[in-house]
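A short worksheet on the structure shown next.
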Amino acid sequence: MPLVVYNTLSRKKEDFKPIAEGRVRMYVCGPTVYDYSHIGHAKTYVAFDTIARYLRWRGNAVRYVQNITDVGHLLDTGEDRILKGAARERVEPMEIVERYTRAYFEDMDALGVQRPDISPRASAHVPEQIEIVKTLIEKGSAYEADGSVYFDVSSFPAYGKLSGRKIEELEDGTRETVRGEKRHPEDFALWKSAAPEHILRWSSPWGWGFPGWHIECTAMSTKYLGETFDIHGGGVDNIFPHNECEIAQSEAATGKPFANYWLLTGSLTVDGVKMSKSLGNFVTIKDLLKKHRPEAVRFFVLSGHYRSPIDFSSEALEAAGKGWERLTAPAFAVRERLRSPDLPAGSDAAMLKVAEEARAAFVSAMDDDFNTPLAMAGLFDFNKIINTLLNGDAPILRGTLEAIDSFYRETGGQVLGVIPEKASSAANGEREAGLIRLLIELRAEARKRKDFAAGDSIRKRLADLGVTLEDGKEGTTWKL
RNA sequence: GGCGACGUCGCCAAGUGGUAAGGCAAGGGUCUGCAAAACCCUCAUUCGGCGGUUCAAAUCCGCCCGUCGCCUCCA
């Protein structure tokens with residue numbers, strides 16, 4: 001069964017065939033680093049991280065490029081976002097860039113998002129951007145006007161093919177203020193001239209200025225992935241104008257298709273409405289992680305399909321946290337069992353078959369346009385069987401436990417990233433674990449004496465510290 | 001106004017022609033010194049509404065109602 005993906009360009013599901021078999025080149029629009037990352041970023045980048053992880057797990061060599069926008073992305077007031085941040089915090093623009101780039105990676109690391117293979121910065125690729133602008137002028141797709149350069153949309157008939165817009169319809173909605181020196185209101189800037197007060201500016205054939213927002217993605221994606229590559233990703237809210245402009249300028253410059261598959265994530269709302277600073281419902285990843293474990297955030301994101309919109313609320317995240325506990329409990333329990341030195345050798349054929357079937361169900365779900373909700377449902381089904389097995393009296397053979405463990409590690413661990421390596425990631429190392437085991441032993445002795453008051457007191461006080469004890473057939477286990 | 005996505009149990013969410021997965025919450029039971037966890041049972045004759053196509057529709061078509069996103073910066 002082939003991997004099938006929904007291609008926004010064709011508006012239907014297609015078999016995924018990379019240009020070079022076994023190699024996938026993907027580009028995802030990255031953040032503009034002028035403030036802390038928010039939960040919308042979390043949704044988009046966890047989704048693409050999972051897609052990249054799955055493609056790798058399926059045996060592809062993936063090159064994942066995700067830009068860092070540190071220049072040229074303007075607010076509707078015409079101000080550069082980076083410069084605005086610098087003025088707000090009274091520091092150099094590049095300090096802003098550095099500060100929020102680091103914060104971005106901290107947040108992504110916390111969420112288990114594996115770093116892209118290349119994270120190119122727009123400001124470090126200005127020469128490449130200038131070259132493309134020159135090419136576009138030579139080919140008659142762009143024109144200079146008073147030190148700025150604009151893309152001539154009328155020169156590219158396919159403009160609108162991704163977002164389904166028509167040029168004629170766009171004219172009406174365009175505001176007077178942005179017309180100015182453009183020939184057509186829907187033309188967009190490739191290069192903007194900048195006065196000396198504008199700190200972020202470079203010398204170009206058209207004088208001092210800075211690159212337009214869209215051109216960086218063309219420059220950096222084609223530089224590292226080639227003129228035509230496999231997957232272009234991003235949030236659906238960038239489909240217009242950003243993605244549309246990328247296609248126009250890239251294909252006009254190279255004369256070749258830009259990206260073969262467009263994968264766009266659904267947007268995220270908070271309590272039913274779009275997140276925005278003015279509404280006061282802006283949630284940063286840092287704030288979120290103060291209250292919730294990172295795996296719960298990942299679980300929340302992956303419990304909806306990447307193309308669907310999701311609505312964030314505290315209740316939803318708490319439910320996700322509980323779901324995550326149930327999802328991971330048997331996986332950790334199996335690992336705990338495997339630490340036992342005297343497990344009977346061999347394996348149970350029926351259980352190996354169950355694990356094989358679960359793996360097949362997982363692959364079939366993920367092969368269908370990365371259907372993570374369905375894939376996780378499959379893990380829950382598998383859990384039911386494993387929980388029953390763990391609760392039973394029959395001894396479990398080492399080979400069986402190993403097969404179960406490797407299933408969890410691959411699907412929940414390597415691909416979905418919701419089952420971490422260590423059962424208690426929040427635990428403070430071995431010393432803390434040792435102390436807890438010591439208390440468990442003391443409690444066991446008290447209970448042997450039927451001194452339940454002492455035993456319950458230990459359990460209660462550990463619970464107050466966030467450590468939950470669970471008494472089972474194999475003794476007491478703990479979790480945070 | 002235009003473009004797009006969507007409306008499935010109290011909440012979240014799969015399913016896109018063959019007779020409604022899974023999670024959270026809720027109720028009952030088993031186990032337990034008591035818990036917790038786990039397991040078992042219950043929980044949508046029904047998929048926004050109305051028509052149509054079909055042997056058969058949540059799934060296809062039409063109309064209507066509603067929600068969200070984009071059209072100006074956003075992942």
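Note: hydrogens, waters and symmetry copies are ignored here, and every other heavy atom, side chains too, is used. Keep in mind it's a predicted model, so treat the numbers as computed, not measured.
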Classify the side-chain pair A/Y408/A/N383 by whether it contains a donor and acceptor separated by less than 3.5 Å.
->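 The criterion, which ignores hydrogens and geometry beyond distance, is satisfied for A/N383 and A/Y408.
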Assign [X] to base, sugar-phosphate, or nothing according to its heavy-atom contacts below 4.0 angstrom with the strands shown.
X: A/G40; result: base
X: A/S303; result: sugar-phosphate
X: A/N238; result: sugar-phosphate

Please determine if [X] and [Y] form a salt bridge, counting it only when a charged side-chain N lies under 4.0 Å from a carboxylate O.
X: A/R298; Y: A/E295; result: no
X: A/D456; Y: A/R459; result: yes
X: A/K84; Y: A/D35; result: no

Looking only at the side chain of [X] (C-beta and beyond, no hydrogens), which of the listed nucleotides [options] gets closest?
X: A/R443; options: B/rA75, B/rG33, B/rC39; answer: B/rG33
X: A/R165; options: B/rA37, B/rG2, B/rG22; answer: B/rG2
X: A/N391; options: B/rG22, B/rA38, B/rA75; answer: B/rA38
X: A/N371; options: B/rC71, B/rG15, B/rG22; answer: B/rG15

Under 3.5 Å, is there any donor-acceptor pair linking the side chain of [X] to the base of [N]?
X: A/R459; N: B/rA35; result: yes
X: A/D456; N: B/rG33; result: yes
X: A/R447; N: B/rG33; result: yes

For the pair made of CD1 in A/I310 and P in B/rA13, what is the distance, rounded to whole Å?
->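 Going from A/I310 (CD1) to B/rA13 (P), I get 8 Å.
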Would you indicate, yes or no, if B/rA14 has its OP1 or OP2 atom less than 4.0 angstrom from a side-chain nitrogen or oxygen of A/S308?
->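 Yes, such a contact exists.
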[N]: pairing nucleotide in any strand, Watson-Crick or G-U under 3.5 angstrom:
N: B/rG18; result: B/rC55
N: B/rG1; result: B/rC71
N: B/rG66; result: B/rC6

Atom pair OG1 (A/T50) and OH (A/Y54), whose distance is rounded to the nearest 0.5 Å |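 OH of A/Y54 is found 12.5 Å from OG1 of A/T50.
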Within the stacking criterion (centroid distance below 5.5 Å, interplanar angle below 30°), does A/F452 stack on B/rG33?
->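 A/F452 vs B/rG33: stacking yes.
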Taking atom P in both B/rC11 and B/rA25, compute the distance separating them and give it to the nearest angstrom.
->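 Roughly 16 Å separates the two P atoms.
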